[in-house]
There are 2 protein chains.
Amino acid sequence: MVELDQRKRVVLRAVVEAYVRSAEPVGSEHPALLEELRVSPATIRGVLAALEEIGLLTHPHTSAGRVPTDQGYRAYVDMVVEGERLTPAERSAVRRRLGAGGEEPESLTDQAARVLASITQYASVVASPTLGAQTFASLHLLPLGERRALAVIVTDAGTLQGRAIELPDGVAADDLERLSHAVTRRLQGLRVADLTRDRLEQVTGEVSRHQHVLEALKAWLTRDLTREGRARLRVEGTRHLLREPEFRQPEAATSVLEALEEHTVLAQTLAAAPEAGVLISIGSENQAAELRACSLVAASYRVGGRPGGVVALVGPTRMRYRRAASAVRYVADRLSEALGNPA
Amino acid sequence: MVELDQRKRVVLRAVVEAYVRSAEPVGSEHPALLEELRVSPATIRGVLAALEEIGLLTHPHTSAGRVPTDQGYRAYVDMVVEGERLTPAERSAVRRRLGAGGEEPESLTDQAARVLASITQYASVVASPTLGAQTFASLHLLPLGERRALAVIVTDAGTLQGRAIELPDGVAADDLERLSHAVTRRLQGLRVADLTRDRLEQVTGEVSRHQHVLEALKAWLTRDLTREGRARLRVEGTRHLLREPEFRQPEAATSVLEALEEHTVLAQTLAAAPEAGVLISIGSENQAAELRACSLVAASYRVGGRPGGVVALVGPTRMRYRRAASAVRYVADRLSEALGNPA
DNA sequence: TTTTAGCACTCTCCGGGCAGGAGTGCCAAC
DNA sequence: GTTGGCACTCCTGCCCGGAGAGTGCTAAAA
């Protein structure tokens with residue numbers, strides 16, 4: 001990255017902020033620029049040309065003003081470190097939605113996605129805590145009528161994951177309980193992702209009478225870790241995107257909506273979110289082609305002190321980055337708090 | 001409704017089907033009409049004019065062909081009773097996604113929404129089984145560290161609902177178990193919606209030592225039934241809607257997306273779905289103003305033999321009703337099967 | 001009485017051409 | 001280094017006219 005002198009920085013910043021606000025190309029006589037620099041339009045033209053030269057701005061056509069390129073946004077984002085604080089009202093809205101306490105992780109992430117979308121007016125994505133990263137607390141086999149039981153895993157974050165399994169004849173409630181306890185004792189404290197077949201084999205000895213039940217459990221656990229182990233994504237507020245002028249052409253809108261509904265693509269991008277701070281991925285920086293028209297602002301939250309999941313915003317590249325970063329960080333932190341008090 | 005003679009019925013049907021296929025107004029010389037009736041365009045013009053007279057067709061402007069009105073679609077739908085069978089491949093796709101068995105209701109409804117959207121290319125909505133309508137099977141208090149426990153309700157359909165509660169000092173694991181059993185014994189077999197405070201009061205006597213735990217449970221149960229009692233909606237495949245020509249104007253698209261993201265509005269409309277058969281609500285027939293540009297095709301599914309929830313499709317009024325009705329019915333039935341074997 | 005052919009009419013949908021406006025780039029003067 | 005002036009480019013909106021599509025009406029044919 002070429003170093004920018006003071007004046008170029010001021011101009012870049014002013015152009016980005018004016019353009020983000022109005023969605024209109026900004027010309028050399030734009031009031032924000034004149035006021036910021038107190039020099040004539042002609043002088044500003046020179047700076048604009050220079051910024052275009054190094055690839056931070058473009059103009060759509062000869063007689064249009066300047067528009068930031070993806071690199072321009074990047075330079076802006078790197079330059080402007082501080083976020084744009086949320087208003088007290090917004091903060092308290094977030095706290096209210098997440099602060100109830102005792103809620104299930106699933107419904108908390110739901111709330112997080114909704115509140116994030118509503119305060120920022122962008123689309124929000126929240127990856128619920130991956131089961132795999134959580135700590136296994138206990139297994140329960142709850143009788144469900146005569147020949148069925150509900151196997152339930154509980155994690156220390158309070159996540160429940162259940163599945164009905166068929167029982168062979170002659171398995172008493174006591175047997176189920178003994179079996180649950182045996183498995184729980186054996187596996188307690190492990191990360192769910194570590195509940196491999198091998199670990200489960202060790203339990204066999206103690207309760208060998210119920211080999212098939214164990215077998216069903218193994219099948220479930222190992223399958224779950226591969227399939228459900230991928231975080232479930234909640235997407236909220238896609239409607240806000242349609243209001244943005246860049247998504248008024250139906251093709252643009254469709255491609256973004258597709259990206260947002262195609263969770264695998266999104267999940268990959270989110271995986272890059274750092275543990276602290278905020279990931280900002282701008283337009284062409286996105287791996288996924290469908291997301292090239294958007295930017296993504298993501299922050300991780302923690303569950304019981306460990307990495308848990310990601311909250312993110314998706315908007316046009318012409319995005320309020322500072323505000324988005326603050327919002328994402330704030331919601332992630334409150335979510336960490338809400339999910340963060342393991343026993 | 002005015003009775004239609006044979007010819008008018010044939011013409012209406014042909015116009016609707018041609019328009020649904022092509023999204024272009026159909027004129028008196030449209031091949032489908034000529035072939036169907038084997039009369040001259042001039043004759044057909046007369047019939048078209050008559051259908052317009054009684055409000056089943058319009059034309060956007062003088063020199064355009066005819067387009068069905070909402071009443072036209074309604075007459076068509078009422079007239080054409082049989083659905084359009086899904087292909088064997090589509091049926092097996094549905095069965096594959098829902099047939100695994102032993103899945104949790106939550107993930108089954110997820111699958112249902114996805115498969116429905118993918119085979120029909122419309123937006124799908126699935127209301128997961130309301131907790132309230134299910135039968136309470138058991139309550140469990142699972143220790144979660146020193147002074148916390150996870151209260152879990154299990155229904156006979158295998159739905160889990162949990163919430164962490166704080167414990168006062170000196171509550172042993174045994175106590176929790178006794179308490180769980182007492183509550184379970186007392187309430188087993190009731191509908192979850194019937195777990196009122198009154199019912200819970202009856203338990204008090206037996207385990208009065210743990211009054212505060214019971215108090216927390218009551219608070220949770222009664223709150224849950226009002227708040228979470230509302231079904232959670234999953235919306236899938238909104239991207240397909242943007243492909244439809246009627247939603248190419250951004251305003252139209254936004255209003256539909258808003259309706260789909262604003263679950264309360266949608267929920268009301270879905271509530272009208274009959275237990276058997278299929279609800280078809282066309283354009284202006286929808287209560288919700290945001291849905292006036294769409295049609296909604298919905299069918300109910302059952303959980304353990306009782307009314308459970310609704311699956312629906314949302315598309316433009318120019319919708320493949322017969323196909324949508326079949327798809328919705330088929331998915332609802334398979335979902336009923338998957339959720340239908342209570343112990 | 002119903003059907004058909006003919007015809008005038010209406011309206012939309014391009015494409016071209018033209019004026020207005022915005023913003024640039026360059027240059028000469030300060 | 002900064003500024004004012006000026007020519008230049010290109011988009012945008014607008015009007016206009018012709019082509020095309022489909023209608024409604026009427027008079028003749030079946």
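We name chains A, B, ... by the order of the sequence lines, and we start the count at 1 in each one.
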CA sep, side-chain torsions, deciding dist, call: M319(B), V297(B), side-chain contact (heavy atoms from CB on, under 4.5 Å): CA-CA 10 Å; M319(B) 195 174 180; V297(B) 176; 4.1 Å; yes

Whole-Å gap separating C1' (dT4(C)) and CG (L48(B)): 16 Å

Rounded distance (Å) that lies between atom P of dG22(D) and atom OH of Y19(B): 14 Å

OP1 or OP2 of dA22(C) under 4.0 Å from side-chain N/O of R66(A): no

Minimum-distance nucleotide to R7(B) side chain [options: dT3(C), dG24(D), dG21(C)]: dT3(C)

Spacing of OG belonging to S300(B) relative to CZ belonging to R329(B), to within rounding of 0.5 Å: 7.0 Å

Nearest atoms (heavy-atom pairs only) where A332(A) meets A299(A): CB-CB, 4.0 Å

Sidechain N-carboxylate O distance under 4.0 Å for R322(A), E17(A): yes

Length of the line joining D5(B):CG and dT1(C):P, which is rounded to integer Å: 17 Å

Members of residues 25-46 of chain B that approach DNA chain C, where some heavy atom sits under 4.0 Å away: V39(B), S40(B), A42(B), T43(B), R45(B)

Rounded distance in Å - NZ (K8(B)) to P (dT2(C)): 11 Å

Side-chain donor or acceptor of E261(A) paired with backbone N/O of G237(B) under 3.5 Å: yes

Side-chain donor/acceptor of T62(A) to base of dC10(D), under 3.5 Å: no

Side-chain (E90(B)) to main-chain (T87(B)) donor-acceptor, under 3.5 angstrom: yes

Gap between atoms NE2 and P, on H61(B) and dT10(C) respectively (whole Å): 15 Å

